[in-house]
Amino acid sequence: MSNEGKIGAVLVVGGGIGGVQASLDLAESGYLVYLVDTSPSIGGVMAQLDKTFPTNDCAACILSPKLVECGRHLNINLLTNAEVKGIEGEAGNFQVEVSTKPRYIDTEKCTGCGECAKHCPARAISEYDQGLRQRTAIYVTYAQAVPRTYVIDREKCIGCGLCEKICIAGAVKYVDKEEIEIINVGAVILCPGYELCDPKPYYELGYSRYPNVVTSLEFERLLSATGPYRGNLLRPSDRDAPEKIAWIQCVGSRDHINPYCSSVCCTYAVKEAIVAKEHVPIDIKETIFYMDMRTYGKDFDKFYNRAKEEYGVNFVRAKVFRVEEVNGTGNLTLRYLTEDNKLVTEEFNMVVLSMGFQSSAKAIELGKRLGIQLNEYGYCNTNPFSPVETSKPGIYVAGAFSGPKDIPETVMQASGAAGSASALLAPARNTLTKVMEYPPEKDVSGEEPRIGVFVCHCGINIGGYVDVPAVTEYARTLPNVAYAENNLFTCSQDTQERIKAAIEEHNLNRVIVASCTPRTHEPLFQETIREAGLNKYLFEFANIRDQCSWVHMREPEKATEKAKDLVRMAVAKARLLEPLQPLSLPVNRRALVIGAGVAGMTSALTLAEQGFEVSLIERSNVLGGIARRIHYVLNDEGVQDFLNRLIKSVQKHPKIRIYTDTWIVDARGFVGNFTTEVMRYRGRVIEKIDHGVAIIATGAEEYKTEEYLYGRDPRVLTQSELEEEIVKENPDIIGCDNLVMIQCVDSRNDERPYCSRVCCNMAIKNALKLKELKPEMNIYILYRDVRTYGFYEKYYEEARRKGILFLRYDLENKPRVSQIRKDSQFLLRVEVKDKVLGEDVAIDADILALSVAMVPPPEASETAMLYKVPLNEDGFFLEAHVKLRPVDFATDGVFICGLAHAPKSLEESIAQAKAAASRATMVLVKDAVIGEGIVASVNEELCSGCGICEVLCPYGAIAVDRERKVSVVNEALCKGCGTCCAACPSGAVQQRGFTREEISAMLSAALVKV
Ligand SMILES: Cc1cc2nc3c(=O)[nH]c(=O)nc-3n(C[C@H](O)[C@H](O)[C@H](O)COP(=O)(O)OP(=O)(O)OC[C@H]3O[C@@H](n4cnc5c(N)ncnc54)[C@H](O)[C@@H]3O)c2cc1C
């Protein structure tokens, strides 16, 4: 295929989680990637966080494997300490000038041993630790940094020459110079992230005057195991453990300096409060002072409720206007005004300022240099219908540079931008990439096991509670252990090299890592040992973080004993491990997209533009889904024009086959090879579609409420019904005098404990539209929290400016709606106890609009069953990992986007749809997919063909051969869950990698201490 003048390479600017995700997607889709970061290493802000909401995963731990993968990917060139100086050319073929600042270290020679830093006498403040501690002038940004090569800060270096003398690798290079290179790429993805607002202008809150007033990012460092106090929560002034902490929300957000909402701060404050409680043995008292609690993301409200109910965090709706230190104690008094106008003074030991986001000066400069449009706040300007495109064709954007957002949103956008770049450059795919060639696998059969054990400190995550050197020493005493060592971070890039070297040097043929969890880290270590020439199944994990240091935090001796037990069990198993050879399966390059709303159509189009055939399945007889009922959004009027354009593009695309009026009746198969059976025209036609991937985009719908006289009084409408009536210019609506809206109807309650995310914006957009049509109309919005996150905040402000009245109510005191007879009429009376006035308010409404919950369609559970993917407890599809795999399922080859995943805006659905297409592309570009080696196998001599395994297998992966009367495993379908092995009455089914002998050896080892 001709590359049509396009270059099969992409420049990704910024190596935070956004840039890293975009790079990995593109490199796996057949493009060469240049990843440029101004910092000496990649990782961005996420590398500085302690835990992440709402799962409380350790941020650095889940990020590290991705960084290492990026660092060692054959098709990703890391250019750190570098920046983009200029760009020429056009979409498909750009020439980019990149300047790399001198590092004063030869990266080829530096082994990251750290001897230089140990001897460096010059000190500077550590940017990574937010100035809470110092670093040396020769330094590596953080322990798990990628690349883990040192850099000299020449401004702080005193030129003593010690580092040069000490470095045995001869890596110090004082005469290093700036290098300029021109890189030829087809597309650019901008992910330069954000920075926190400067707290200093908020003088009254005491930052920089009082040491115990810290920013939220400083607090993350204080909590972190790799932070200045090694994860012990101590006050900066006196290293005393705080007993009472206050968080002040919206510092640098929703104010005169930054009028927008920073979207993430409410949830991160809730997280920090929970994590702080877990860090300190005493029951600390915590209060979060806020305006509106904007925990609007998927499952975030549950997290907020847990903070209140399980952890006893106190939430106070108040404006804090002064913080003062109490003389000589380091304590701080807060003066605040409560919602009901009470002036309160309260003392705390420590104060955290939940700082807002702002676009960084570096990012703004970059935007200007590249000639892309920035918005009024200095963020990259995007259009709601093309959320990952900048104003310049071929230049895309992802992450916090286009607006404050959290990690999953960033990851989605990054994959989305990768999907768009991939669609642009498809003709040049695989033209510049190299194929990974592994060394031949060593034949270890018949060899005596020689096991290497690597025990991880994980900073103090493990090392703070488990005696890691003792566990290592103990491992050395175990049979067949030929080598053992401990590492500060076994997952860091330099340790991968150490593992490979140890395999070589000690002739190891089995490897055990005792660290965090196989869930996130097993593939990383398997890849490392494969690169060293071992079969990847000769690897075993001992989970001494989750199962020892985390659960036995308060009992370090027992934690250490248990860690020894787990290592002993792992060794017992590793001695019996055998190499496994997974199946290589061909890939059908057709995609199936289920649901032809905006998300489904966007995914279909992104794939079709790359040349993949797509079958687009829609149960109704029209395309468009719920967007057919949306006419305008807050930041754009042209929803229907956009929708019509999208429908036309899909309809006329030669690679897309549309199936309307079609229902899925059966689905079988596995990644690369699915067969879906569909029923068309009310059952008159049944058709089978073979495909390699499936994208679920089945949407959601408005809940049919029975509250507030809905369905019983024609004056009561839902928000989308109201919108339709406004568009129809219904005089009863646009001409009415008093209109009331009630928010959170059937959302955020016991039955549906989630936020439907779009309703606040919907209410405000309808209210503003009505005000435009009839300025004198009285509009009242009864709300619990106004969640106009991000740049939507300005519309909330506009609404208030235009006289729309916001009255707050509580779940315990919901509004009451009744029909009141007056003369010959029935009035629609809405009564509510207003929290601000503290009084009952009664409004006679002409029209009542309800912001009802968004719920998944009833068929979601059937689709979930057919494709063997899970739903969460609210009925939305549950992704593989809420932080880092927001569009994948644990079932390979199946992806999710749009409302089927969770309530979200049109703009967010489009970004996620492109992301799903990008992830699907990573499968479709492959000639073959490698299956799982850990699968069931049947000993035919023992099998009686009873069929119990066939009945129980959740994946349809084992069936009785009726003629031979033995069970046969379809290895491609088998997920290695072990159900059949446990159920087999004759012990004929075994699980490779978990054989009965291996498990018995582990159990025996557990019972017998050496
Ligand atoms: C206190 C705090 C707590 C948080 N907690 C959570 C949480 O628990 N869960 C969650 O989901 N989110 C959380 N977040 C939000 C999270 O940090 C962001 O969503 C995420 O880090 C954004 O990633 P990014 O890649 O867009 O940006 P960044 O992480 O900022 O990465 C940008 C990268 O670009 C580089 N760069 C900048 N300019 C240039 C340039 N001109 N050229 C080249 N490189 C450049 C930078 O060096 C950096 O490496 C928190 C944020 C804060 C402040």
Side-chain angles (χ1 to χ4, degrees), residues 11-23 34-59 62-63 67 79-85 96 98-100 127 130 141 145-146 188-197 214-221 223 247 252 262-272 274-275 297-298 300 303 352-370 379-380 397-414 417 882-884 886:
L11 175 82
V12 176
V13 186
I17 180 62
V20 163
Q21 185 63 49
S23 302
Y34 296 94
L35 174 53
V36 175
D37 200 302
T38 45
S39 159
S41 51
I42 55 173
V45 180
M46 187 173 168
Q48 290 173 278
L49 304 181
D50 177 41
K51 301 270 166 57
T52 59
F53 57 74
T55 52
N56 275 5
D57 274 317
C58 163
I62 57 171
L63 179 63
L67 299 184
L79 300 169
T80 49
N81 229 17
E83 67 176 325
V84 173
K85 288 285 184 193
V96 189
V98 177
S99 130
T100 304
E127 300 84 354
Q130 294 287 293
T141 334
V146 172
V188 178
I189 299 184
L190 302 179
C191 313
Y194 67 103
E195 62 185 21
L196 287 192
C197 300
V214 297
T215 69
S216 42
L217 200 50
E218 287 167 4
F219 194 71
E220 294 275 339
R221 296 311 305 144
L223 290 173
W247 276 260
S262 293
S263 302
V264 187
C265 326
C266 284
T267 321
Y268 79 49
V270 172
K271 167 197 75 177
E272 288 175 358
I274 289 180
V275 174
K298 187 174 183 181
F300 292 1
F303 192 56
V352 184
L353 306 182
S354 289
M355 298 308 305
F357 286 30
Q358 68 185 21
S359 194
S360 75
K362 274 193 283 187
I364 294 175
E365 201 190 312
L366 173 75
K368 287 185 182 153
R369 225 177 273 158
L370 301 191
Y379 289 84
C380 180
V397 61
F401 183 40
S402 61
K405 55 181 69 69
D406 64 9
I407 295 162
E409 297 280 330
T410 299
V411 170
M412 267 181 229
Q413 272 205 341
V882 292
K883 292 270 109 183
L884 295 182

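Computed from a predicted model, the values in this text were never measured in an experiment. Numbering of ligands and ligand atoms starts at 1, following listing order.
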*asked:* Just to be sure I read this right, does ligand 1 sit under 4.0 Å from the backbone of Phe53, its side chain, both, or neither, counting only heavy atoms?
replied: both
*Looking only at distance, does Leu196 have an N or O less than 3.5 Å from an N or O of ligand 1?*
no
*Does the pair Ser263 and Lys405 meet the rule for a side chain to side chain contact (heavy atoms under 4.5 Å, CB included), with working shown?*
CA-CA 6 Å; Ser263 302; Lys405 55 181 69 69; 5.8 Å; no
_Only heavy atoms of Gly399, strictly under 4.0 Å: list the atoms of ligand 1 that pass._
26 (O)
*Could you say whether the N/O atoms of Val45 and ligand 1 ever approach to under 3.5 Å?*
yes
*asked:* Which of the numbered atoms in ligand 1 are under 4.0 angstrom from any heavy atom belonging to Gly18?
replied: 25 (O)
*Heavy-atom contacts under 4.0 Å between Phe219 and ligand 1: side chain, backbone, both, or neither?*
neither
_Only heavy atoms of Val36, strictly under 4.0 Å: list the atoms of ligand 1 that pass._
43 (C), 44 (N)
_Working to the nearest 0.5 angstrom, can you tell me the gap between Leu353 CG and Cys197 SG?_
11.5 Å
*Who's the nearest protein heavy-atom neighbour of atom 34 (O) of ligand 1, and how far?*
Gly14 CA, 3.2 Å
*asked:* One pair to check against side chain to side chain contact (heavy atoms under 4.5 Å, CB included): Ile274 and Phe303. What are the steps and the verdict?
replied: CA-CA 9 Å; Ile274 289 180; Phe303 192 56; 3.8 Å; yes
*Strictly under 4.0 Å, does any heavy atom of Gly15 approach an atom of ligand 1?*
yes
*Examine the proximity of ligand 1 to Lys51 and report which part, side chain or backbone, both or neither, has a heavy atom under 4.0 Å away.*
backbone
*Which option out of Ile42, Val20, Thr38 puts a heavy atom nearest to atom 40 (C) of ligand 1?*
Thr38
*Heavy-atom contacts with Ser39 under 4.0 Å: which atoms of ligand 1 show up? List them by number with element.*
47 (O)
*First locate atom CG of Leu217, then atom CD of Gln48, and finally report the distance between them rounded to the nearest 0.5 Å.*
5.0 Å
*Results of ring-ring contact (aromatic ring centres under 6.0 Å, His included) for Phe300 - residues two or more places apart only*: Phe53
*Give the residue and atom name of whichever protein heavy atom lies nearest to atom 27 (O) of ligand 1, and the separation in Å to one decimal.*
Gly193 CA, 3.2 Å
*Would you mind checking which non-hydrogen protein atom is closest to atom 51 (C) of ligand 1, with the distance to 0.1 Å?*
Tyr194 OH, 3.3 Å
*Counting from 1, what ligand 1 atoms have a heavy atom of Gly44 closer than 4.0 Å?*
29 (O), 31 (O), 48 (C), 49 (O)
*Please state which protein non-hydrogen atom is closest to atom 42 (N) of ligand 1 and give its distance, to 0.1 Å?*
Val13 CG1, 3.4 Å
*Under 3.5 Å, N or O to N or O, is Phe401 touching ligand 1 that way?*
no
*asked:* On a heavy-atom basis, which atom in Asp406 and which in Val264 lie closest, and how many Å separate them?
replied: N-CG2, 3.8 Å
_Nearest-neighbour protein heavy atom for atom 24 (P) of ligand 1, which is reported as residue plus atom name and distance_ = Thr410 CG2, 4.0 Å
*For ligand 1, note which part of Ser216 has a heavy atom under 4.0 Å away: side chain, backbone, both or neither.*
both
*Are the side chain of Lys271 and the backbone of Lys51 linked by a donor-acceptor contact shorter than 3.5 Å?*
yes
*ring-ring contact (aromatic ring centres under 6.0 Å, His included) with Phe357: which residues, sequence neighbours excluded?*
Tyr194
_Heavy-atom proximity to atom 41 (N) of ligand 1, best of Lys362, Lys271, Lys883_ = Lys362
*Look at ligand 1 and say whether Pro408 reaches it with a heavy atom at a distance under 4.0 Å.*
yes
*asked:* Among all the protein's non-hydrogen atoms, which is closest to atom 37 (C) of ligand 1, and how far away is it?
replied: Pro192 O, 3.1 Å
*Steps toward side chain to side chain contact (heavy atoms under 4.5 Å, CB included) verdict (Ile62, Met46)*: CA-CA 10 Å; Ile62 57 171; Met46 187 173 168; 3.9 Å; yes
*Of the non-hydrogen atoms in Cys265 and Gly356, which two are nearest, and what is the gap between them?*
SG-CA, 4.3 Å
*Indicate the atoms forming the closest heavy-atom contact of Ala82 with Thr100, along with that distance.*
CB-OG1, 3.7 Å
_Between Ser39 and Ser41 (side chain of the first, backbone of the second, donor and acceptor by atom type, cut-off under 3.5 Å), is there such a pair?_
yes
*asked:* So which atom in Pro886 and which in Pro408 form the shortest heavy-atom distance, rounded to 0.1 Å?
replied: CG-O, 3.8 Å
_Exercise: identify the closest heavy-atom pair between Thr38 and Glu83_ = CG2-CB, 3.8 Å
*asked:* Give me the nearest non-hydrogen protein atom to atom 47 (O) of ligand 1 as residue plus atom name, then the distance to 0.1 Å.
replied: Asp37 OD1, 2.7 Å
*How close do Glu195 and Ser359 get, heavy atom to heavy atom, and via which atoms?*
OE2-O, 4.2 Å
*Give the single entry among Leu79, Ile17, Leu35, Leu49 that approaches atom 50 (C) of ligand 1 most closely by any heavy atom.*
Leu49
_Closest protein heavy atom to atom 18 (C) of ligand 1, given as residue, atom name and distance to 0.1 Å_ = Lys405 O, 3.5 Å
*State the atoms of ligand 1, each with its element, that fall below the 4.0 Å cut-off from a heavy-atom position in Cys191.*
32 (C), 33 (C), 34 (O)
*At a non-hydrogen distance cut-off of under 4.0 Å, which region of Val264 contacts ligand 1 (side chain, backbone, both, or neither)?*
side chain
*Would you check if the side chain of Gln413 reaches a backbone N or O of Gly399 as a donor-acceptor pair within less than 3.5 Å?*
yes
*Any N or O of Ile407 that comes nearer than 3.5 Å to an N or O of ligand 1?*
yes
